[in-house]
Protein chains: 2
Amino acid sequence: MSEKAAQPETVENRPMTRIQRKKRETILDAALEVFSAEGFRGATLDRIAAEAGLSKPNLLYYYPSKEAVFQELMGGLLATWLDPLKAMDPKGDPRSEIMAYVRRKLEMSRDFPRESRLFANEIVRGAPTLGPVLETDLKTLVHEKAAVIRDWMHAGRIAPCDPVHLIFSIWALTQHYADFDVQVRAVLGHDDPFPGAEQHLETLFARLLGDTTA
Amino acid sequence: MSEKAAQPETVENRPMTRIQRKKRETILDAALEVFSAEGFRGATLDRIAAEAGLSKPNLLYYYPSKEAVFQELMGGLLATWLDPLKAMDPKGDPRSEIMAYVRRKLEMSRDFPRESRLFANEIVRGAPTLGPVLETDLKTLVHEKAAVIRDWMHAGRIAPCDPVHLIFSIWALTQHYADFDVQVRAVLGHDDPFPGAEQHLETLFARLLGDTTA
DNA sequence: ATCGCTTTTGACCACTTGGTCAAACCGGAG
DNA sequence: CTCCGGTTTGACCAAGTGGTCAAAAGCGAT
């Protein structure tokens, strides 16, 4: 059987040398750069290869196809994206837990804008790749955490509102600063928008959740 | 001089017949459909032509190039997009004016999701086409309206916060329901998300601006 | 019917792009 | 050195793409 290229760490294949793993990392990073800026169809293997510092056939030696690169990239993405929400602790203080989530999400927009844009791109296009997993993993997690938030509200610890839409709001407000970066900077004149954004979101969610101090 | 194809209503050309105008409309609508779903590079002239019910060379008879179609589409878009903000009346009641803007913007997400996605796509890609106009028209308008809002805040008619980020928030929260539609529906299970969204945004902005009734 | 105009189309082209392949390269073990 | 595995590449291909062009088809007015 002609195994075309190394799979992540497949069945009976050597688990891949350190160098292989590193090259694949490099490729993935280059792919992230290009895919997030140009979209799936806009990205070309040539550009990704160039960005990674190798030739197109060489890239195809490490990944069997453009699709494959994209899918591996996408694979890790959703997990990374949902981790902060997963970290929200039902036993913690409601206000701190939610605010910590907001802050963490805003940090991600600042520190990983490419990932955010890649994700946005995928969703805007109708989630052709990670569509199925949205209806399972994502849906489950959101409803689970929404239930937690609802309990907090029923216990009177934060002001009531629709907890699912609250989560949407957090996503929308934080990711906006990564995905619509150029627009934000066009208005704000190229200063770093994040300090102001943090301050604003602090205020917004404090009031939404029922501020006790202001 | 060999004029290639009819321009909008150019210099010494006939102002274009009703039929011509209509065909161009059809093409523009087809282009909106395809561009918003696939992005600029993902869209093909063949698909747009097919969607519009004509052949590729025939499409090229009405528009000189793919770029030209895209640009005309983009041209009208920003104006349409900013109109509701323009409509915010400095002499009106602060709370009603802002809430009306929010509602209008949410309606647009519901009724013109393709336009919203096209816009999102353009911005995410770094606004290669309408970049310049962001730094002029958009920036000016936003700061103008931000000033109005700031006055309202200083007059104590609504609770204070950063007015520019407030506008960003309105954009983010409303457009989210168009641009991330699949994600929203994946979580909400394909019911119409808009009634819930409206209710939620009503609550959110009421509290942010200083609710007097709840 | 025929002229003159706009509209429509089939055939075609140049270029890009994802992907293949056989040959060359390289670095360590014998 | 030589062999041998993994690695790298130049040349190539088929399909898809944006765009051209000359010829044909409509069609209203004479």
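Chain letters run A, B, ... following the sequence lines, proteins first and then strands; every chain starts at 1. What you see is a predicted model; the values in this text were computed from it and never measured.
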Handout entry: Lys NZ or Arg CZ of B:K105 over B:Y177 ring: under 6.0 Å, within 45°
Key = no
Practice task
Could you tell me the separation between the OH atom of B:Y61 and the C1' atom of C:dT9, rounded to a whole number of Å?
Solution key: 13 Å
Completion exercise
Taken to the nearest whole Å, CG/A:N58 to P/D:dT7 is 9 Å
Handout entry: Distance below 4.0 Å between A:S55 side-chain N/O and D:dT8 OP1 or OP2
Key = no
Completion exercise
Here the distance between atom C1' of C:dT7 and atom CD1 of B:I27, to the nearest Å, is 12 Å
Handout entry: Derivation of the salt bridge (charged side-chain N to carboxylate O under 4.0 Å, His left out) call for A:R114 and A:D29
Key = CA-CA 10 Å; A:R114 299 179 307 175; A:D29 187 73; 3.0 Å; yes
Report each atom pair, protein N/O against N/O of nucleotides 12-19 of chain D, whose distance is under 3.5 angstrom.
from   : atom 1 : to    : atom 2 : distance (Å)
D:dT17 : OP1    : A:R41 : NH2    : 3.3
D:dG18 : OP1    : B:A43 : O      : 3.3
D:dG18 : OP1    : B:K66 : NZ     : 3.0
D:dG18 : OP2    : B:L45 : N      : 2.9
D:dG18 : N7     : B:K56 : NZ     : 2.9
D:dG19 : OP2    : B:K66 : N      : 2.8
D:dG19 : O6     : B:K56 : NZ     : 3.3

Practice task
Grab the CG-C1' distance between A:L59 and C:dT17 for me, whole Å please.
Solution key: 14 Å
Exercise for the section: Establish, yes or no, whether the cationic atom of A:R24 lies under 6.0 Å from the six-membered ring centre of A:Y63 and within 45° of the ring axis. Expected result: yes
Exercise for the section: Nearest 0.5 Å please: distance from the CZ atom of B:F70 over to the CG atom of B:L32. Expected result: 10.5 Å
Practice task
Anything under 30° is parallel, anything over 60° is perpendicular, the rest tilted; go ahead and classify B:F180 against B:H176.
Solution key: parallel
Fill in the blank from the handout: Between CZ of B:R24 and P of C:dT6 the distance, given in whole Å, is 15 Å
Exercise for the section: Check whether any side-chain nitrogen or oxygen of A:K23 sits under 4.0 Å from OP1 or OP2 of D:dT7, and answer yes or no. Expected result: no
Handout entry: Contact check, side chains of A:V69 and A:F35, non-hydrogen atoms, under 4.5 Å
Key = yes
